[in-house]
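Working notes, structure below.
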There are 2 protein chains.
Amino acid sequence: MISFVSFKPDNSSPIYLQILAFVKRGIASGKIKDSDELPSRRALSVLLGINPNTVQRAFSMLEEEGLISSSHGVTSIVTAPPERVNKLKEEILAADAKSTAALFKQNGLSLEQAAALLAAYWEEV
Amino acid sequence: MISFVSFKPDNSSPIYLQILAFVKRGIASGKIKDSDELPSRRALSVLLGINPNTVQRAFSMLEEEGLISSSHGVTSIVTAPPERVNKLKEEILAADAKSTAALFKQNGLSLEQAAALLAAYWEEV
DNA sequence: GCACGTGTATTAATGCAATAATACACATGA
DNA sequence: TCATGTGTATTATTGCATTAATACACGTGC
């Protein structure tokens, strides 16, 4: 069963997108594995204190992307074969790296300064 | 006169917040300097193709933070003494570094891997 | 069989960013 | 002086993302 204990939604973006990102990053990083079982939509909505439809929306998007498999009456299962995981990992890392580089460049930093700054705050988070 | 040619709003957050962030990062990075003149609210709204009230909202928030000075009849002026710039720079860099570190950690990367990834995409953006 | 938990679908309600319209106050320059 | 452009303020409206409420369909296990 996938754990959502480390999932802390904020108000910076829609909750359903945060759930989507949480699961995708979990799969990409290996914390969530192929054939893992997801909590039911209702159970997760109670756990997170949100509306069941919000969970439903996130799960249906995961289904559209082929990352989970759903059927009536039973909880959904993660569908993440190795090649899919690698592809997802590359996508996420590339997107993160690009946005991060853009951010630091916008701040007028050099690559060396950016790396140093990252190192300075690495242990803090 | 502050230039907004590099300002490219997207639909990831409210436009007024993007304007706010654009100006703050500009000040922090030195691209926008103390006593620089801002375009008028109406002129900027025409330039960006948005409603004057959206610009007004961003500018009033900048005024609340003490980063611009406004008076009737004349365009607003940047108020950014050196100590304020340094403070702003620290705030922005710290926030960016923390969120970046958290992001890479969430992806299961080590500091070395994160730095390498950043370097790999640095020139691309 | 059937109670229960599950996935799925539809519709309504809510909140808020963005827009819109308008009015007033002030400064500048012809 | 006065026309013009500026900042400021108020109120209403629109559109859409999000949440909410509800009903229906299906599978499991007693």
Side-chain angles (χ1 to χ4, degrees), chain A residues 1-4 7-24 32 34-80, chain B residues 1-4 7-24 32 34-80:
Chain A
M1 173 70 77
I2 295 179
S3 169
F4 279 80
F7 178 75
K8 306 292 179 190
D10 53 41
N11 54 356
S12 68
S13 68
I15 299 175
Y16 73 92
L17 289 181
Q18 296 183 50
I19 295 173
L20 183 70
F22 178 83
V23 174
K24 290 178 76 172
I32 296 176
D34 189 70
S35 300
D36 274 355
E37 187 183 2
L38 289 150
S40 80
R41 287 142 166 83
R42 285 177 179 80
L44 185 56
S45 72
V46 171
L47 178 67
L48 300 180
I50 61 179
N51 191 277
N53 289 341
T54 304
V55 179
Q56 163 64 10
R57 183 160 185 181
F59 279 27
S60 68
M61 293 182 76
L62 285 169
E63 173 113 59
E64 280 179 14
E65 297 196 30
L67 290 171
I68 68 173
S69 174
S70 304
S71 307
H72 268 131
V74 293
T75 55
S76 300
I77 299 295
V78 174
T79 304
Chain B
M1 172 70 75
I2 294 179
S3 170
F4 279 81
F7 178 74
K8 306 291 180 190
D10 53 42
N11 54 354
S12 67
S13 66
I15 299 175
Y16 72 91
L17 288 181
Q18 296 183 49
I19 295 173
L20 183 69
F22 177 83
V23 174
K24 289 178 75 171
I32 296 176
D34 189 70
S35 299
D36 274 355
E37 186 183 3
L38 288 149
S40 80
R41 287 141 166 84
R42 286 175 179 81
L44 185 56
S45 73
V46 171
L47 178 67
L48 300 180
I50 60 179
N51 191 277
N53 290 341
T54 304
V55 179
Q56 164 63 12
R57 182 160 186 182
F59 279 27
S60 68
M61 293 182 75
L62 285 169
E63 173 113 60
E64 279 179 15
E65 297 196 32
L67 289 172
I68 69 173
S69 174
S70 304
S71 308
H72 270 129
V74 292
T75 56
S76 300
I77 300 295
V78 173
T79 304

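Chain A is the first sequence line, chain B the second, and so forth, proteins listed ahead of strands; every chain is numbered from 1. Heavy-atom basis, side chains included; hydrogens, waters and symmetry copies ignored.
Nearest to the side-chain atoms of B:R42 among the listed nucleotides D:dT6, C:dT6, C:dA18 stands D:dT6. In the set D:dT19, C:dA9, C:dT28, the nucleotide with an atom closest to the side chain of B:V74 is C:dT28. Each of C:dT19, D:dC26, C:dA25 was ranked by its minimum atom distance to the side chain of B:N51; first place goes to C:dT19.
Counting non-hydrogen atoms under 4.0 angstrom, A:S60 reaches nothing in the nucleic acid. Backbone-only contact: B:Y16 has heavy atoms under 4.0 Å from sugar-phosphate atoms and none from a base.
Across every non-hydrogen atom of A:Q18 and A:S13, the tightest pair is NE2-O, 2.6 Å. When all heavy atoms of A:L20 and A:A58 are compared, the pair lying nearest together is CD1-O, 4.0 Å. Minimum interatomic distance between A:K24 and A:L62 (heavy atoms only, all atoms of both residues): CG-CD2, 4.2 Å.
Rounded to the nearest 0.5 Å, atoms CG (A:L44) and CG (A:L38) are 8.5 Å apart.
The distance from atom CD of A:Q56 to atom P of D:dA23 is 18 Å, rounded to the nearest whole Å. The CG-P distance, from B:N53 to C:dA20, rounds to 10 Å in whole Å. Straight-line distance from the CG atom of B:L38 to the P atom of D:dT8: 11 Å, rounded to whole Å. Straight-line distance from the CZ atom of B:R41 to the C1' atom of C:dA25: 14 Å, rounded to whole Å. Between the P atom of C:dT8 and the CD atom of A:E64 lies a distance of 11 Å, rounded to the nearest Å. In this structure, CD of B:E63 is placed 10 Å from C1' of D:dT8, rounded to the nearest angstrom. Distance, B:I15 CD1 to D:dC16 C1': 14 Å, rounded to whole Å. Counting to the nearest Å, the C1' atom of C:dA18 and the CG atom of B:L48 are 14 Å from each other.
Along DNA chain D, the nucleotide closest to A:I50 and the one closest to A:H72 are compared, and the more 5′ of them pairs with A:I50.
Counting only N and O atoms by type, the side chains of B:R41 and B:S76 include a donor and acceptor under 3.5 Å apart.
Contact between the side-chain N/O atoms of B:T54 and the OP1/OP2 oxygens of C:dT19 is found at a separation under 4.0 Å. Checking the phosphate oxygens (OP1, OP2) of C:dG5, no side-chain nitrogen or oxygen of A:S40 falls inside 4.0 Å. A:T75 has no side-chain polar atom (N or O) that falls below the 4.0 Å cut-off from OP1 or OP2 of C:dG5.
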